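Read through the structure below, which is laid out as structure tokens, and then see the notes.
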Amino acid sequence: MKKITSALAALGLGLALSASVQATSNDEAVVERIKAVGSVCIEGDDSCGGAAAPAAAAGGAARTPEEVYNTKCAACHATGAAGAPKYGTPDWADRGSKGMDTLLSNAINGIGGMPPRGLCMDCSDDDLKGAIQHMLDGSK
Ligand code: HEC
């Protein structure tokens, strides 16, 4: 009986040992995985490899008026779709005579075939204003 007990104890110890070895290598694997995800990159650091760009595109960060126009307004205003005043044509000279305040409030609220905010729901009023100015400037 005593023999069996110590054999079992040895077996138990063996299991415990192998379990702890297992745990150790798992820990290392976990650390490796965490390192990969949590590796820090400072903005402007080359190692960031453009990771900052998607964050800017997701909103919040400033966009240039040209970017707003290209991504949000050009769909209609580059082609004149649905009667939209077309970029680079005298269409905009007529509109410009209304003054920026009127153009901006019509862009915010929508007018005729122009949907509210030109469908850019994450555009700030300043984004819209910049894009309008861009279209006015580009159509002189
Ligand atoms: C789905 C098509 C569409 C998109 C996208 C669109 N527009 Fe328009 N927009 C129009 C149409 C159509 C008109 C002409 C409306 C009218 O006068 O009947 C117009 C007119 C305007 C006008 C003139 C309003 C006035 O008072 O005469 C402004 C300013 C304007 N759009 C700004 C923008 C801006 C800024 C964007 C992008 C953020 C944008 N639009 C995106 C279709 C669009």
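Note that this is a predicted model, so its numbers are computed, not measured. Read the numbers this way: they start at 1 and go in the same order the structure lists the ligands and their atoms.
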Would you say ligand 1 has an N or O under 3.5 Å from any N or O of [X]?
| X | result |
| --- | --- |
| Arg117 | no |
| Thr102 | no |
| Lys98 | yes |

With hydrophobic residues grouped by side-chain heavy-atom distances under 4.5 Å, do [X] and [Y] end up in a single group?
| X | Y | value |
| --- | --- | --- |
| Trp92 | Leu104 | yes |
| Met135 | Met114 | no |
| Met100 | Ile111 | no |

With heavy atoms of [X] as the reference, note each atom of ligand 1 found under 4.0 Å away.
| X | value |
| --- | --- |
| Trp92 | 22 (C), 28 (C), 29 (C), 30 (C) |
| Met135 | 32 (C), 33 (C), 34 (C), 35 (C) |
| Ile132 | 29 (C), 35 (C) |
| Gly83 | 12 (C), 14 (C) |
| Cys76 | 1 (C), 2 (C), 3 (C), 4 (C), 5 (C), 42 (C), 43 (C) |
| Leu128 | 35 (C), 38 (C) |
| Gly112 | 18 (O) |

Does the pair Cys120/Cys123 show an SG-SG distance of less than 2.5 angstrom? yes

How about Tyr69 and His134: are their ring centroids closer than 6.0 Å? yes

Separation between [atom1] of [X] and [atom2] of [Y], rounded to the nearest 0.5 Å:
| X | Y | atom1 | atom2 | result |
| --- | --- | --- | --- | --- |
| Lys72 | Leu128 | NZ | CG | 11.0 Å |
| Lys98 | Leu103 | NZ | CG | 6.5 Å |
| His77 | Asn70 | NE2 | CG | 13.0 Å |

Can you figure out which of Gly80, Cys73, Gly118 has its heavy atom closest to atom 34 (C) of ligand 1?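 When every heavy atom of Gly80, Cys73, Gly118 is considered, Cys73 comes closest to atom 34 (C) of ligand 1.
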
How far is [atom] from its nearest protein heavy atom, and which residue and atom is that?
| atom | value |
| --- | --- |
| atom 12 (C) of ligand 1 | Ala82 O, 3.1 Å |
| atom 24 (C) of ligand 1 | Ile111 CG2, 3.9 Å |
| atom 17 (O) of ligand 1 | Arg95 NH1, 2.7 Å |
| atom 21 (C) of ligand 1 | His77 CE1, 3.4 Å |
| atom 33 (C) of ligand 1 | Met114 CE, 3.2 Å |
| atom 26 (O) of ligand 1 | Asn106 ND2, 2.7 Å |

Non-hydrogen atoms of Pro85 versus ligand 1: any pair closer than 4.0 Å? yes

Which is it for Lys129 and Ile132 under the side chain to side chain contact (heavy atoms under 4.5 Å, CB included) test, yes or no, and what are the steps along the way? CA-CA 5 Å; Lys129 189 173 178 179; Ile132 294 168; 5.6 Å; no

Apply the test side chain to side chain contact (heavy atoms under 4.5 Å, CB included) to residues Arg117 and Ile108: give CA-CA distance (whole Å), side-chain angles for both, the deciding distance (0.1 Å), then the verdict. CA-CA 5 Å; Arg117 295 192 168 273; Ile108 290 170; 4.1 Å; yes

Does Asp122 come within less than 4.0 Å of Arg63, counting only side-chain N to carboxylate O? yes

